[in-house]
Number of protein chains: 2
Amino acid sequence: MSGRKIRNMEEFAAVSGISRPTVSKYFNDPESVRASTREKIERALKEHDYRPNIFAMNQNRKLTKNLGIVVPYLADPFFAEIARRIEDMVISAGFRPILLSSHGDAKLEVENLDSLLSIKPAGVLLAPLGRISDTAAIERFCREVPTVNFDANIDGAGEAFVGHNNTQATEMMLKYLTRTGEPPAFFEMKSPPNPNANKRRTAYLETMERMGHTPHVIQAAGEGWEIEEIGYREGTRVLSEGSLPSRTVFCSNDRLAIGFLAAAYEAGFKVGLGDDCTLRVAGHDNHPFSRYTCPTLTTVSHNYSAIATKSVETILAMIESGVRAPERKSTLFDGELIMRASA
Amino acid sequence: MSGRKIRNMEEFAAVSGISRPTVSKYFNDPESVRASTREKIERALKEHDYRPNIFAMNQNRKLTKNLGIVVPYLADPFFAEIARRIEDMVISAGFRPILLSSHGDAKLEVENLDSLLSIKPAGVLLAPLGRISDTAAIERFCREVPTVNFDANIDGAGEAFVGHNNTQATEMMLKYLTRTGEPPAFFEMKSPPNPNANKRRTAYLETMERMGHTPHVIQAAGEGWEIEEIGYREGTRVLSEGSLPSRTVFCSNDRLAIGFLAAAYEAGFKVGLGDDCTLRVAGHDNHPFSRYTCPTLTTVSHNYSAIATKSVETILAMIESGVRAPERKSTLFDGELIMRASA
DNA sequence: TCTTAAATTTTACGCGCGTAAATTTTATTG
DNA sequence: CAATAAAATTTACGCGCGTAAAATTTAAGA
């Protein structure tokens with residue numbers, strides 16, 4: 001690096017001996033210029049260290065290289081992990097990820113979308129809050145920007161949905177628990193922040209029915225994203241009341257299960273499969289922390305690696321082709337049984 | 001909302017009956033225009049739903065309203081939580097948070113800073129990777145952009161540092177453990193990704209010395225951010241070897257402790273304070289999950305709420321005043337003993 | 001060497017807004 | 001009501017780049 005500071009593309013074009021429009025072309029796609037031209041530019045680039053002004057670029061482009069990622073709650077390790085994978089892929093595809101968290105707040109979710117709208121993203125990957133989302137606002141946004149909806153399905157949101165097969169996953173766990181012990185009770189939040197919960201309850205009820213067992217749903221009071229706390233508090237209550245209809249408990253998600261396990265431990269229950277155990281607990285999601293609970297949590301995996309990959313591929317394909325999907329495709333990934341010590 | 005679509009500030013100025021430069025002034029600071037003018041604009045705003053183009057705004061402003069936030073690893077709930085708090089405060093201060101994670105990669109950390117540089121942020125809150133960071137590149141960045149360094153201190157990075165008082169916190173826990181039992185061994189990673197670990201080891205060694213006890217440091221092999229896994233694996237090894245120099249283990253951080261607790265549970269140890277317990281385990285950070293371990297983890301809190309607040313206040317003050325601090329100030333927040341069941 | 005198509009350059013304009021300077025309007029005071 | 005300061009407006013220009021159209025150069029083949 002040497003020479004005086006380059007202030008804009010004009011000056012950079014001068015020192016590289018190329019016209020400004022050609023330089024502009026190079027930055028939009030290096031392959032689009034002749035090899036000899038490319039060399040000249042790249043030689044100058046090494047000497048002078050210039051970067052085009054992002055704002056000026058994006059102001060004039062019809063399509064930016066921005067790709068929005070909106071998740072409902074980033075402080076949830078599940079979304080943090082999925083966001084991390086998506087960011088990686090987006091970057092290596094040459095896009096600029098803009099990661100926004102709605103922090104569990106529907107108003108902020110809409111503000112995030114508004115904020116994205118103003119930076120003209122090429123596309124958006126949206127994991128909506130779900131039940132409490134302002135669906136009208138979301139649908140309005142999706143008409144403006146190519147969007148792939150993931151994790152939580154909102155009909156009409158985006159050109160495609162990529163998510164978890166809650167039905168299959170729930171059924172699989174139910175069969176496993178029943179086969180190796182007794183039919184479980186279902187432990188969930190009364191007003192879950194995530195719509196997957198509803199699908200899971202429905203799947204539980206239907207499968208139990210089909211298997212000829214009486215379903216038992218235990219609903220935990222409490223709202224918001226302090227899910228472990230709710231699982232712990234309500235778990236403690238249920239265990240102390242002795243109102244558990246079954247010695248096997250299938251939690252709607254792992255965070256709830258983590259709280260429930262803490263409650264069971266404190267209440268002196270021995271959780272697990274062994275003959276000396278008085279309780280079996282299973283979860284759902286294969287949460288990053290589920291393998292460090294005591295005992296380790298038997299759960300059914302939420303294939304967020306596949307969901308992240310498919311979501312990114314879908315939005316990139318849509319951006320590249322420039323066409324919106326004629327019909328809304330839905331892709332569900334099956335869960336896998338993660339057998340550990342708790343059930 | 002009605003009327004035709006507003007394409008730019010020119011058109012919006014027309015429908016609101018105000019000149020464009022005055023409208024521009026309004027958007028930069030609503031208080032800077034006469035009340036009657038403000039009313040007119042806001043009435044038009046309700047009718048026509050117009051928002052200034054972010055790119056055009058930022059292109060011409062010397063100072064944007066962008067505020068960068070860079071954390072080393074967003075999938076760590078600790079950073080996710082601190083980022084959430086910071087974002088909230090930044091938004092309510094009227095700025096636009098740009099959250100970037102370095103994913104534990106020093107190259108990506110530099111790329112993140114480069115990326116920030118090109119969007120002319122008013123300021124940046126930087127929690128660096130630490131040991132592996134490209135300190136030269138970071139210092140170069142800090143000369144260009146007002147930066148507050150938080151969590152992990154890198155001398156010369158930023159105008160101020162806001163962090164955790166590792167020395168005080170370590171000392172406090174050591175005294176507690178010794179007073180209520182025996183002097184602990186110190187369990188840490190051999191090559192910790194976070195520089196706080198070094199401060200904690202030093203504090204452990206010095207305090208033990210001062211108290212007249214022989215220090216025992218157990219170093220876990222393994223690199224990266226899969227900290228629970230390392231704690232679990234190495235914990236299992238240490239416990240099975242029976243090489244533990246003390247029945248009390250002070251883990252360098254909670255994630256390590258979570259892994260260690262899982263190992264202890266599996267190895268059949270009863271962890272806690274009671275007479276029937278064979279092991280005491282303490283952590284450091286008051287990690288969001290530390291209260292759901294079995295048994296619940298005794299730890300010393302990392303006051304990230306205060307750290308987040310102070311960091312934001314510092315950078316905002318710097319932005320507002322427009323002056324870089326004459327000298328680098330360092331603020332450390334004390335930890336608090338969180339007595340739970342594990343020690 | 002001539003032909004031809006592809007790549008490049010030149011020219012010219014526009015994007016949407018910030019901002020400075022000069023001018024006009026409005027509010028305040030005596 | 002006149003004088004004066006404060007606020008608003010008009011005018012004018014610039015920011016750094018995208019991009020279209022026309023003119024020119026380059027490379028490849030006969």
Side-chain angles (χ1 to χ4, degrees), chain A residues 4-45 48-66 96 115 117-122 322, chain B residues 4-45 48-66 94 96 117-122 322:
Chain A
R4 71 182 190 293
K5 284 234 174 164
I6 304 293
R7 305 208 159 278
N8 53 39
M9 196 179 278
E10 191 83 47
E11 287 187 19
F12 178 74
V15 299
S16 60
I18 306 284
S19 74
R20 191 184 63 74
T22 304
V23 171
S24 167
K25 220 178 159 200
Y26 168 85
F27 278 110
N28 284 317
D29 178 11
E31 299 299 313
S32 71
V33 303
R34 206 181 321 176
S36 61
T37 310
R38 192 159 54 239
E39 274 179 33
K40 279 195 205 171
I41 294 179
E42 277 161 5
R43 208 178 310 136
L45 222 42
H48 294 279
D49 159 64
Y50 156 78
R51 298 181 58 170
N53 181 303
I54 281 195
F55 301 116
M57 277 176 60
N58 287 336
Q59 177 175 16
N60 299 314
R61 263 213 270 259
K62 7 43 203 337
L63 215 68
T64 69
K65 283 283 190 177
N66 296 331
R96 200 164 181 289
S115 167
L117 208 54
S118 65
I119 61 168
K120 293 190 284 188
Chain B
R4 70 182 189 293
K5 282 233 174 166
I6 305 293
R7 305 210 159 276
N8 53 37
M9 196 179 280
E10 192 83 47
E11 287 186 18
F12 177 73
V15 300
S16 60
I18 307 284
S19 74
R20 190 183 64 73
T22 304
V23 171
S24 168
K25 220 177 158 199
Y26 167 86
F27 278 110
N28 284 317
D29 178 11
E31 298 299 312
S32 71
V33 303
R34 206 183 321 180
S36 60
T37 309
R38 192 160 53 241
E39 272 178 37
K40 280 194 205 171
I41 294 179
E42 278 161 5
R43 208 177 311 137
L45 222 41
H48 294 280
D49 157 66
Y50 155 79
R51 298 181 60 170
N53 179 301
I54 281 195
F55 301 117
M57 277 176 58
N58 287 336
Q59 177 176 17
N60 301 314
R61 264 213 271 258
K62 357 63 193 337
L63 218 67
T64 69
K65 282 283 191 178
N66 295 330
R96 201 165 179 287
L117 208 54
S118 65
I119 61 167
K120 295 190 284 189

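Remember, it's a predicted structure, so these values are computed and weren't measured experimentally. A, B, ... follow the sequence lines: proteins, then strands. Residue 1 opens every chain.
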Looking at every strand, decide which applies to [X] at a 4.0 Å heavy-atom threshold: base, sugar-phosphate, or nothing.
| X | answer |
| --- | --- |
| B:Phe12 | nothing |
| A:Tyr26 | nothing |
| B:Asn28 | sugar-phosphate |

Is [Y] close to [X] at the side-chain level, that is, under 4.5 Å between some pair of heavy atoms?
| X | Y | result |
| --- | --- | --- |
| A:Met57 | A:Phe27 | no |
| B:Thr37 | B:Ile18 | yes |
| A:Leu117 | B:Arg51 | no |

Given atom [atom1] of [X] and atom [atom2] of [N], what is their separation to the nearest angstrom?
| X | N | atom1 | atom2 | answer |
| --- | --- | --- | --- | --- |
| B:Ile18 | C:dC17 | CD1 | P | 16 Å |
| A:Glu11 | D:dC15 | CD | P | 11 Å |
| A:Asn58 | C:dG16 | CG | C1' | 13 Å |
| B:Arg61 | C:dC17 | CZ | P | 11 Å |
| A:Gln59 | D:dT19 | CD | C1' | 14 Å |
| B:Arg7 | C:dC17 | CZ | P | 12 Å |
| B:Ile54 | D:dC15 | CD1 | C1' | 17 Å |
| B:Asn60 | C:dC17 | CG | C1' | 5 Å |

Response to the item:
Comparing nearest nucleotides in DNA chain D, the 5'-proximal residue of the pair A:Pro52, B:Arg20 is B:Arg20

Do the side-chain N or O atoms of [X] get closer than 4.0 angstrom to the phosphate oxygens (OP1, OP2) of [N]?
| X | N | answer |
| --- | --- | --- |
| A:Arg34 | C:dT8 | yes |
| B:Tyr50 | C:dC17 | yes |
| A:Thr37 | C:dT8 | yes |
| A:Thr22 | C:dT9 | yes |
| A:Ser24 | D:dC17 | no |

Worksheet item: Using 30° and 60° as the class limits, which term best fits the ring planes of B:Phe12 and B:Tyr50: parallel, tilted or perpendicular?
Response: parallel

Worksheet item: Is the side chain of B:Lys120 donor-acceptor paired with the backbone N or O of B:Gln59 at a distance under 3.5 Å, no angle test?
Response: yes

Discussion item. By nearest atom, which of the nucleotides C:dC17, D:dG16, C:dT9 is closest to the A:Asn8 side chain?
Written reply: D:dG16

Discussion item. Given D:dG16, D:dT9, C:dT10, identify the nucleotide with an atom nearest to the side chain of A:Pro21.
Written reply: C:dT10

Worksheet, complete the sentence: The answer to which of B:Ser36 and B:Met57 contacts DNA chain C further toward the 5' end, by nearest nucleotide, is B:Met57

